[in-house]
Amino acid sequence: MSQSQTPDRPELAAIREHMIIDGKPCTEGSGQTVPVYDPATGAVIAHQIEAGPAQVDQAVQAARRAFTGSAWGDMVPAGRERLLLNLADLLEQHGDELARLETLNNGKLLPLSHGLEVAAGAQWLRYMAGWATKLSGDTLSLSIPFPPGVKYNAYTRLEPVGVVAAIVPWNFPLLMAIWKIAPAVATGCTIVLKPAEETPLTAIRLAELALEAGFPPGVINVITGRGEVTGAALVAHPGVNKISFTGSTEVGRLIGRQAMDDMKRVSLELGGKSPVIIMDDCDVELAVQGAAGAIFFNQGQVCTAGSRLFVQRGIYDKVVAGLAKVAESLTIGSGFDPATQIGPMVSARHRERVMSYIDLGRAEGGRVLAGGQAYEGDGFFVRPTVFAELAPDARVVREEIFGPVVVAASFDTEDQAVAMANDTRFGLGASIWSNDLNRVNRLVPRIQAGTVWVNTHNMLDPHMPFGGVKQSGIGREHGRAAVEAYLESKSVCIAYPAT
Ligand code: NAD
């Protein structure tokens, strides 16, 4: 499983230990560095710089200057569109290097890095490029009756919100960086992005490619470091107009509170505990595979992971046995090995966290139907785990684990399925597995979630809004909604004499 560390491996050549501020590599930091690991071996592969308040300030000032500077501020929308299209092309041209770098740093399977970080990243860039030239306000008919003899012409103009501070997690590092950068720059904002301390490497390369694509210096800045140091300083910086955060509900709540103190605009994409609801009329084989994919995809390190499985009683034993069989059959190993189906957790700390939930599940009375242990070896592996017979108030049922751990329970009626699915503080995603159109139509409106999938799970598209209700967040990414989140609407009211 271990990787040889020969310098001719493309992912090693792509490692950068600097940040990108104002179009230049920056190697100055707080004095601290943070190690970056290969989670499949536990080896240290890089030392990222930790940006302290001085570097955060430099990055925000650079973004402010770029925002008001003529190179960016006066660029026509078609110019921004062209730069995003250039960046999409460069992303594909460097696809192999970026995908390998992501697999090295995050541990995910190489085909996923190719398909979901690089190819989807390019798709999102191109989609958002199109929005740059399609932004428009409204013309308004006003009814103001005074003063006599005066008429009004009114309209709204959409203006970029300004400097965006974007903070992203480690589960889809390159794609999530693009989910923030693409709509921000399509609308004319500038951005300071802080990747997760576990996975900074592809974001730095992305910022370099953005310069090559022609983005003026300061439009896209990437700073690195720990959340409580670099992230906190970025959120608090008075030069930031909007914070776009993806991460845990706990950190999101802190950031939301702080944003309100300064009235910064804020979008929060937070945690989940998504239900998978399997009705007895479904295609059972499809549903078993679907439930397995919903939780084990990306090792369960997915905000919409289907971590709570509810199966109608008549098919419960069959579905749960099928899921346990899939879980036991999955090949665990390095993301570079084509035979691997389950890669490592992103970090030793995260593996400990997932394992502590598995131990807790046993202590709470759960029956382990598959997995239940870590995986021997140097990397940060956990076996795919299926629990049954846990009480609805068990912590393993209620808290986000963010690993390959699913809890299964049965229900009898649609009302029970809805009550169980909604019995959570989260509301990010949900899936319903059924071939009964009437049931599906009855259930969809009753599920409290930002996205409800039917006979599929975890499918995203740049044109389909994505986000959470309840404690899964505020705001939507993708589609028109994402673009609007980076714009302010200015009303213009022009008085003129009627004659
Ligand atoms: P996290 O909240 O610990 O960290 C996310 C980011 O926030 C990292 O870049 C981190 O450095 C930074 N951060 C941490 N503390 C900070 C602080 N005090 N101030 C500013 N920044 C700070 O989350 P994580 O463990 O990296 O990621 C997993 C979480 O992300 C899960 O809860 C998952 O559900 C969520 N997530 C949500 C979505 C979504 O779209 N809703 C997508 C992916 C992941």
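Both counts, for ligands and for their atoms, begin at 1 and track the order of listing. One is the number of the first residue; the rest follow in order along the sequence. From a predicted model like this one, the values you see are computed outputs, not experimental measurements.
By the criterion of a heavy-atom distance under 4.0 Å, the side chain of Asn171, and not its backbone, is placed next to ligand 1.
Residues Ser244 and Lys180 have side chains that bring a donor and an acceptor to within less than 3.5 angstrom of each other. Side-chain atoms of Asp378 and Thr41 include no donor-acceptor pair closer than 3.5 Å. Of the N and O atoms on the side chains of His478 and Asp461, not one donor lies less than 3.5 Å from an acceptor on the other residue. Between the side chains of Trp433 and Ser431, at least one donor N or O lies within less than 3.5 Å of an accepting N or O.
Of all protein heavy atoms, the one closest to atom 27 (O) of ligand 1 is Pro169 CB, 3.3 Å. Regarding atom 12 (C) of ligand 1, its nearest protein heavy-atom neighbour is Ile167 CG2, 3.5 Å. Among all protein heavy atoms, the one lying closest to atom 24 (P) of ligand 1 is Trp170 NE1, 3.5 Å. Nearest non-hydrogen protein atom to atom 3 (O) of ligand 1 is Ser248 OG, 4.0 Å. The nearest protein atom to atom 42 (C) of ligand 1, hydrogens excluded, is given as Cys303 SG, 3.0 Å; this is a heavy-atom distance. Taking atom 41 (N) of ligand 1 as the reference point, the nearest protein heavy-atom neighbour is Leu270 O, 2.7 Å.
Near Gly231, the atoms of ligand 1 lying under 4.0 angstrom from a non-hydrogen atom of the residue are 19 (N), 20 (C), 21 (N). Distances below 4.0 Å separate heavy atoms of Phe402 from the following atoms of ligand 1: 28 (C), 31 (C), 33 (C), 34 (O), 44 (C). Close approach to Val168 involves these atoms of ligand 1, each under 4.0 Å from a residue heavy atom: 6 (C), 8 (C), 9 (O). Residue Phe466 approaches ligand 1 through these ligand atoms, each under 4.0 Å from one of its heavy atoms: 40 (O). Below 4.0 Å from some heavy atom of Glu400 lie the following atoms of ligand 1, by number and element: 31 (C), 32 (O), 33 (C), 34 (O). Heavy-atom contacts of Val251 reach the following atoms of ligand 1: 2 (O), 13 (N), 14 (C), 15 (N), 16 (C), 17 (C), 22 (C) (cutoff under 4.0 Å). Near Pro195, the atoms of ligand 1 lying under 4.0 angstrom from a non-hydrogen atom of the residue are 9 (O). For ligand 1, the atoms closer than 4.0 angstrom to any heavy atom of Leu428 are 41 (N).
Between Gly473 and ligand 1 there is no heavy-atom distance shorter than 4.0 Å. Using a non-hydrogen distance threshold of 4.0 Å, Phe172 does not register as a contact of ligand 1. For Met176, the closest heavy-atom approach to ligand 1 falls below 4.0 Å.
Taking the six-membered ring for Trp, His350 and Phe380 have ring centres at least 6.0 Å apart.
On a distance-only criterion, Gly227 and ligand 1 share at least one N/O pair closer than 3.5 Å.
Checking each of Thr385, Ile295, Leu309, Val397 against Val407 for a side chain to side chain contact (heavy atoms under 4.5 Å, CB included) leaves exactly one that passes, namely Val397.
At least one side-chain heavy atom of Arg205 sits less than 4.5 Å from a side-chain heavy atom of Leu98.
Heavy atoms from other residues, nucleotides or ligands lying under 6.0 Å from CZ of Arg253 number more than 12.
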